[in-house]
Colleague: 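Here it is, the structure, as structure tokens.
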Amino acid sequence: MQSSLTLSLSQSATASTIPKSNYTLNHALRFPPSKLINLRFCGLRREAFLGSSSLSRSQSLQNKTLSKKINNAISASLSGNGSAPKSFDYDLIIIGAGVGGHGAALHAVEKGLKTAIIEGDVVGGTCVNRGCVPSKALLAVSGRMRELQSEHHMKALGLQVAAAGYDRQGVADHANNLAMKIRNNLTNSMKALGVDILTGFGSILGPQTVRYGKLDDSPGNTVTAKDIIVATGSVPFVPKGIEVDGKTVITSDHALKLESVPDWIAIVGSGYIGLEFSDVYTALGSEVTFIEALDQLMPGFDPEIGKLAQRVLINPRKIDYHTGVFATKITPAENGKPVTIELIDAKTKEPKDTLEVDAALIATGRAPFTKGLGLDNVQVALKNGFVPVDERMQVLNFEGNPVPHLYCIGDANGKMMLAHAASAQGISVVEQITGRDHVLNHLSIPAACFTHPEISMVGLTEPQAREKAEKEGFEVSVTKTSFKANTKALAENEGEGIAKLIYRPDNGEILGVHIFGLHAADLIHEASNAIALGTRIQDIKFAVHAHPTLSEVLDELFKSAKVKAHVPGPVSEPVAV
């Protein structure tokens with residue numbers, strides 16, 4: 001999401017005061033296009049410009065296509081719907097300084113590009129200021145509270161602890177201070193590398209031209225760039241009929257400030273956001289009621305993992321739930337009256353129930369922040385609010401054709417609404433505009449829910465894998481290991497959890513890995529990197545893991561898989577999603 005930062009930057013500065021860039025495509029092409037070969041690196045398909053005397057026919061055709069695309073992009077940018085500038089203020093302008101924009105900016109500087117980033121709120125975007133970062137601070141507190149409150153757990157370790165308490169403002173300050181620290185780190189890292197931070201909301205005026213300033217009709221400032229990346233992020237999605245007052249009916253933006261800890265809070269939505277906040281609120285003493293439109297809780301998770309997580313994270317805690325219902329109307333508390341929530345059956349739409357609670361948290365997902373981007377100036381129409389892009393993150397116009405020199409990354413394109421996915425997409429785009437073709441394999445990008453214990457995943461769920469297998473005609477196998485067999489987990493008295501591997505027994509391809517247990521969010525990366533690099537099970541099972549460590553959960557998981565034949569080499573090209 002676009003954020004705002006007050007800097008010692010003159011708002012009256014115009015494009016003419018900014019040094020022009022003479023960067024051209026030839027600067028990026030250090031090797032002739034005829035010398036392309038495929039390399040893989042961390043989920044990116046890299047066309048590296050290296051010397052090679054032999055290329056396959058498919059590679060040669062791909063090289064010709066890439067060369068033609070580059071030439072067409074240059075000529076297309078100079079015709080139709082306005083004309084592009086002949087020289088530029090910057091090589092690259094990024095609209096939005098969240099995690100995605102920051103990652104793209106740093107990589108661009110490394111590649112030698114003169115780079116500017118436009119920010120209308122605060123550096124760091126949603127993740128740093130209203131998402132990943134402050135929520136992890138609150139979850140760190142809830143984890144410690146939960147451990148200290150567990151008399152059985154403490155006794156098992158031989159510890160005696162008096163009743164644990166907390167200071168609400170102190171907890172809130174911890175979250176706010178962490179966000180401020182990370183925000184300052186991001187800002188300073190860009191300044192130190194020479195990235196120009198332009199304050200204001202950015203919009204596209206025409207080919208390779210951006211205006212930044214206030215979200216109104218004022219003229220603002222105009223700058224040009226050879227390439228532009230849109231990285232404006234997202235905002236909380238609030239369904240119709242729900243009135244948010246920021247006090248008793250809140251979104252995650254408000255909840256992270258922890259201005260109160262209600263006795264009873266309803267959470268609408270049981271995905272990542274809802275689950276994490278249920279962990280925080282119950283640890284701090286609240287009772288929680290989930291309201292879920294689908295027939296089961298945690299619908300986005302692998303069903304087997306979801307069932308186990310419900311048994312551990314939901315059933316033993318002060319949590320009840322309503323599934324298969326919509327919250328059609330939520331009215332904030334007022335004049336001593338509680339928050340009221342009207343529920344209807346999700347299928348029949350008949351009235352189901354009315355709840356009265358102290359507060360309600362709306363955790364129904366996020367919506368792209370694409371207001372005022374001016375994409376119609378380059379013949380681009382939003383799709384359900386998202387910016388349409390191809391597999392290379394290049395923005396598509398009305399006719400479905402790529403718009404030259406214009407890209408969109410992160411939540412605004414809707415491909416995968418995760419901060420680290422946005423950063424990976426940004427890095428991929430920078431590689432492309434500096435002459436190397438990259439396609440990001442989204443199936444290699446991990447995700448995590450930081451409850452206690454944690455949930456993590458990468459690749460396909462079991463139902464998704466079986467559906468794919470049925471269409472493509474291959475067999476799927478599943479194997480599992482338990483944290484109860486892991487020495488380190490038992491030493492921590494944290495044996496609850498499993499790891500699940502979904503794979504092809506005919507060639508050893510890893511289709512998906514799902515983990516529920518202690519530090520699952522850290523453990524998943526061995527699996528995600530294996531998928532990214534195309535590593536087969538029959539190869540990774542020979543990797544050595546330190547003992548005793550939690551990593552041995554994955555070691556045992558891969559060793560337990562039964563692959564029918566040893567087929568050397570990577571399994572396949574990364575898949576663009």
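Computed from a prediction, not measured in an experiment: that's the story for all the values here.
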Colleague: Return the minimal non-hydrogen interatomic distance between V123 and R183, and the atom names on each side.
Modeller: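 That closest heavy-atom pairing would be O-CG, 3.0 Å.
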Colleague: Could you give me the CA-CA distance, side-chain angles and deciding distance for T461 and D302, then say whether side chain to side chain donor-acceptor pair (under 3.5 Å) is met?
Modeller: CA-CA 5 Å; T461 64; D302 182 88; 4.8 Å; no
Colleague: Any ion pair linking K471 and E467 (charged N to carboxylate O, less than 4.0 Å)?
Modeller: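 Yes, charged N to carboxylate O under 4.0 Å.
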Colleague: Decide, yes or no, whether a salt bridge links K226 with D89 under the criterion of side-chain N to carboxylate O below 4.0 Å.
Modeller: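 D89 and K226: not salt-bridged.
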Colleague: Taking the side chain as everything from C-beta on, heavy atoms only, tell me whether Y90 gets closer than 4.5 Å to D196.
Modeller: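 Counting from C-beta outward, Y90 and D196 do come under 4.5 Å.
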Colleague: Between H438 (side chain) and Q432 (backbone), is there a donor-acceptor pair under 3.5 Å?
Modeller: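 No, H438 side chain to Q432 backbone: no donor-acceptor pair under 3.5 Å.
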Colleague: So is R366 actually on top of F237's ring, under 6.0 Å and inside 45° of the axis?
Modeller: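 Judged by the rule, R366 and F237 form no cation-pi pair.
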Colleague: Closer than 3.5 angstrom, by distance alone: can the side chain of T209 be matched with the main-chain N or O of L205 as a donor-acceptor pair?
Modeller: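 No, because the side chain of T209 does not come within donor-acceptor range (under 3.5 Å) of the backbone of L205.
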Colleague: Kindly indicate whether the side chain of S189, heavy atoms from C-beta on, has any atom under 4.5 Å from the side chain of H102.
Modeller: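 When only atoms from C-beta onward are counted, H102 and S189 do touch, with a gap below 4.5 Å.
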Colleague: Looking only at side chains, do H420 and S423 share a donor and an acceptor under 3.5 Å apart?
Modeller: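 Distance-only check fails for H420 and S423.
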Colleague: Mind checking salt bridge (charged side-chain N to carboxylate O under 4.0 Å, His left out) for E454 and listing every partner two or more places apart, or none if nothing turns up?
Modeller: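 E454: no salt bridge (charged side-chain N to carboxylate O under 4.0 Å, His left out) contacts found.
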Colleague: Hey, are E243 and K329 close enough for a salt bridge, meaning a charged N less than 4.0 Å from a carboxylate O?
Modeller: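 Salt bridge flag = no for K329 with E243.
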Colleague: If I compare all heavy atoms of P134 with all of V128, which pair ends up nearest, and what's the gap?
Modeller: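 For P134 and V128, the tightest heavy-atom pair comes out as CD-O, 3.2 Å.
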Colleague: Side-chain contact test, heavy atoms from C-beta onward, threshold under 4.5 Å: evaluate it for V403 versus Q379 and give yes or no.
Modeller: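 No, every pair of side-chain atoms sits at 4.5 Å or beyond.
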Colleague: Check whether the side chains of H405 and Q394 place a donor and an acceptor atom closer than 3.5 Å, and report yes or no.
Modeller: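 Looking only at side-chain atoms, Q394 and H405 do not form any donor-acceptor pair under 3.5 Å.
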Colleague: Run the salt bridge (charged side-chain N to carboxylate O under 4.0 Å, His left out) test against E399 and tell me which residues pass, sequence neighbours left out.
Modeller: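 E399: no salt bridge (charged side-chain N to carboxylate O under 4.0 Å, His left out) contacts found.
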Colleague: Looking only at side-chain N and O atoms, does H514 offer a donor or acceptor that is under 3.5 Å from a partner on E462?
Modeller: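 The answer is no; no qualifying pair exists.
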Colleague: Can E292 and T323 be counted as having a side-chain donor-acceptor contact under 3.5 angstrom?
Modeller: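 No, T323 and E292 have no side-chain donor paired with an acceptor closer than 3.5 Å.
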Colleague: Examine distances only and state if a side-chain atom of N129 and a backbone atom of G125 form a donor-acceptor pair shorter than 3.5 Å.
Modeller: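 Looks like yes, one N/O pair under 3.5 Å.
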Colleague: Who pairs with F301 by ring pair (Phe, Tyr, Trp, His ring centres under 6.0 Å), at least two apart in sequence or on another chain?
Modeller: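 By the ring pair (Phe, Tyr, Trp, His ring centres under 6.0 Å) rule, F301 matches Y272.
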Colleague: Does this structure show an ion pair linking R536 with E509, if we count only N-O contacts that are shorter than 4.0 Å?
Modeller: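 Between E509 and R536 there is no salt bridge, as every charged N stays at least 4.0 Å from the carboxylate O atoms.
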Colleague: Give the C-alpha distance, both sets of side-chain angles, the deciding distance and a yes or no for salt bridge (charged side-chain N to carboxylate O under 4.0 Å, His left out) between E470 and R466.
Modeller: CA-CA 6 Å; E470 186 175 349; R466 294 198 181 281; over 6 Å; no
